[in-house]
Amino acid sequence: MQLLPAGVADAVERADEAVDALLESGRRPGDVLVLTVGEAHPWQQHELSFGEESYWAQLADGGDVFYADADVSRPLRRDIVVLVVNEGTAGRVEQAAKKALGHAGALLVVCGEQDLVAPLFA
């Protein structure tokens, strides 16, 4: 697990930086899943504007970074999961962290407030 400290307001930006760094290091876009605890990532909102069917087809295709809500009920698994803690409710963050860990094959990157997130992985 890798923790990238970020406030609730900055968590999405920090996650975008993490995804860029992963891709620049040679990771394939299809290896990365970004999950948000609070409001949906802007890219998820954009993709959903084309409809649910198109949105979920993108997951099945596996060729690009996929963005979803941390509460997603569909089975998701990617080598790398970036969890965006853009909401500060401790119970929701704990639940999201556990689910995100289960979705990650090799690496979980958490972008959030250290005081809130670090105890979950101690």
Side-chain angles (χ1 to χ4, degrees):
M1 197 272 299
Q2 180 180 5
L3 174 60
L4 301 176
V8 171
D10 302 320
V12 169
E13 183 178 338
R14 187 70 170 119
D16 288 344
E17 292 168 0
V19 169
D20 288 345
L22 289 163
L23 298 177
E24 288 170 6
S25 75
R27 291 295 195 158
R28 293 181 325 101
D31 291 342
V32 182
L33 171 65
V34 178
L35 299 174
T36 52
V37 175
E39 183 178 344
H41 188 282
W43 192 251
Q44 179 187 359
Q45 294 174 22
H46 170 77
E47 291 299 323
L48 280 168
S49 72
F50 298 106
E52 290 275 332
E53 188 175 319
S54 173
Y55 170 72
W56 290 111
Q58 189 181 53
L59 172 65
D61 177 47
D64 206 351
V65 176
F66 191 76
Y67 297 83
D69 187 284
D71 280 341
V72 67
S73 59
R74 292 182 185 231
L76 302 175
R77 185 126 177 111
R78 295 264 173 116
D79 281 348
I80 303 165
V81 173
V82 178
L83 180 63
V84 183
V85 182
N86 56 340
E87 180 182 288
T89 308
R92 177 137 158 75
V93 172
E94 182 177 2
Q95 178 185 6
K98 287 178 183 177
K99 284 184 79 173
L101 196 55
H103 294 305
L107 175 65
L108 173 61
V109 178
V110 181
C111 302
E113 293 185 16
Q114 187 164 349
D115 293 344
L116 182 63
V117 176
L120 301 175
F121 298 99

Subject >> Listed partners of Arg14 passing side chain to side chain donor-acceptor pair (under 3.5 Å), at least two apart >> reply: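 Partners of Arg14 by the side chain to side chain donor-acceptor pair (under 3.5 Å) criterion, ordered by chain and then number, come out as Glu17.
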Original post:
Can you list the residues that meet the side chain to side chain donor-acceptor pair (under 3.5 Å) rule with Glu13, with sequence neighbours excluded?
Top reply: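 Side chain to side chain donor-acceptor pair (under 3.5 Å) list for Glu13, sorted by chain: empty.
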Which pair of heavy atoms, one from [X] and one from [Y], lies closest together, and at what distance?
X	Y	result
Ala40	Thr36	CA-OG1, 3.8 Å
Ala97	Leu108	O-CD2, 4.4 Å
Gly63	Pro29	O-CB, 3.8 Å

**OP:** Mark yes when over 12 heavy atoms from residues, nucleotides or ligands other than Glu39 sit less than 6.0 Å from its CD; otherwise mark no.
**Re:**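 It does not: Glu39 CD has 12 such atoms or fewer within range.
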Partner set under side chain to side chain contact (heavy atoms under 4.5 Å, CB included) for [X], not counting sequence neighbours:
X	value
Arg77	none
Ala96	Val37, Ala70, Leu83
Ala21	none

Original post:
Val72 and Leu101: same hydrophobic cluster, using ILVMFWY side-chain contacts below 4.5 Å?
Top reply: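 Same cluster.
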Original post:
Pairs in or reaching into residues 46-55: which pass salt bridge (Lys or Arg N to Asp or Glu O under 4.0 Å), with residues at least two apart or in two chains?
Top reply: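 Listed once each, the pairs would be none.
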Original post:
Is there any salt bridge (Lys or Arg N to Asp or Glu O under 4.0 Å) pair reaching into residues 85-112, and which pairs are they, with sequence neighbours excluded?
Top reply: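 Salt bridge (Lys or Arg N to Asp or Glu O under 4.0 Å) check on residues 85-112 returns Asp69-Arg92, Asp71-Arg92, Glu87-Arg92, Glu94-Lys98.
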Counting C-beta onward and ignoring hydrogens, is there a side-chain heavy-atom pair between [X] and [Y] closer than 4.5 Å?
X	Y	result
Phe66	Gln44	no
His103	Leu35	yes
Val8	Val85	no

**OP:** Show the numbers, then the answer: is there a side chain to side chain contact (heavy atoms under 4.5 Å, CB included) between Gln58 and Asp64?
**Re:** CA-CA 7 Å; Gln58 189 181 53; Asp64 206 351; 4.3 Å; yes
**OP:** Kindly give the cluster partners of Val32, where membership spreads through any ILVMFWY side chain lying under 4.5 Å from a current member.
**Re:**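 Traced through the cluster, Val32 reaches Leu4, Val12, Val19, Leu22, Leu23, Val34, Trp43, Val65, Tyr67, Ile80, Val82, Val84, Leu107, Val109.
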Original post:
Between Asn86 and His41, is any side-chain donor less than 3.5 angstrom from a side-chain acceptor?
Top reply: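 No, His41 and Asn86 have no side-chain donor paired with an acceptor closer than 3.5 Å.
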Original post:
Which residue pairs pass the side-chain hydrogen bond (donor to acceptor under 3.5 Å, both in side chains) test with at least one member in residues 106-122, sequence neighbours excluded?
Top reply: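 Non-adjacent pairs meeting side-chain hydrogen bond (donor to acceptor under 3.5 Å, both in side chains): zero.
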Subject >> Contacts of type salt bridge (Lys or Arg N to Asp or Glu O under 4.0 Å), residue Asp31, not counting sequence neighbours >> reply: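 For Asp31, the residues satisfying salt bridge (Lys or Arg N to Asp or Glu O under 4.0 Å) (neighbours in sequence not counted) are Arg28.
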Subject >> Spacing of Asp10 atom CG and Asp16 atom CG [to the nearest 0.5 Å] >> reply: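 It comes to 11.5 Å.
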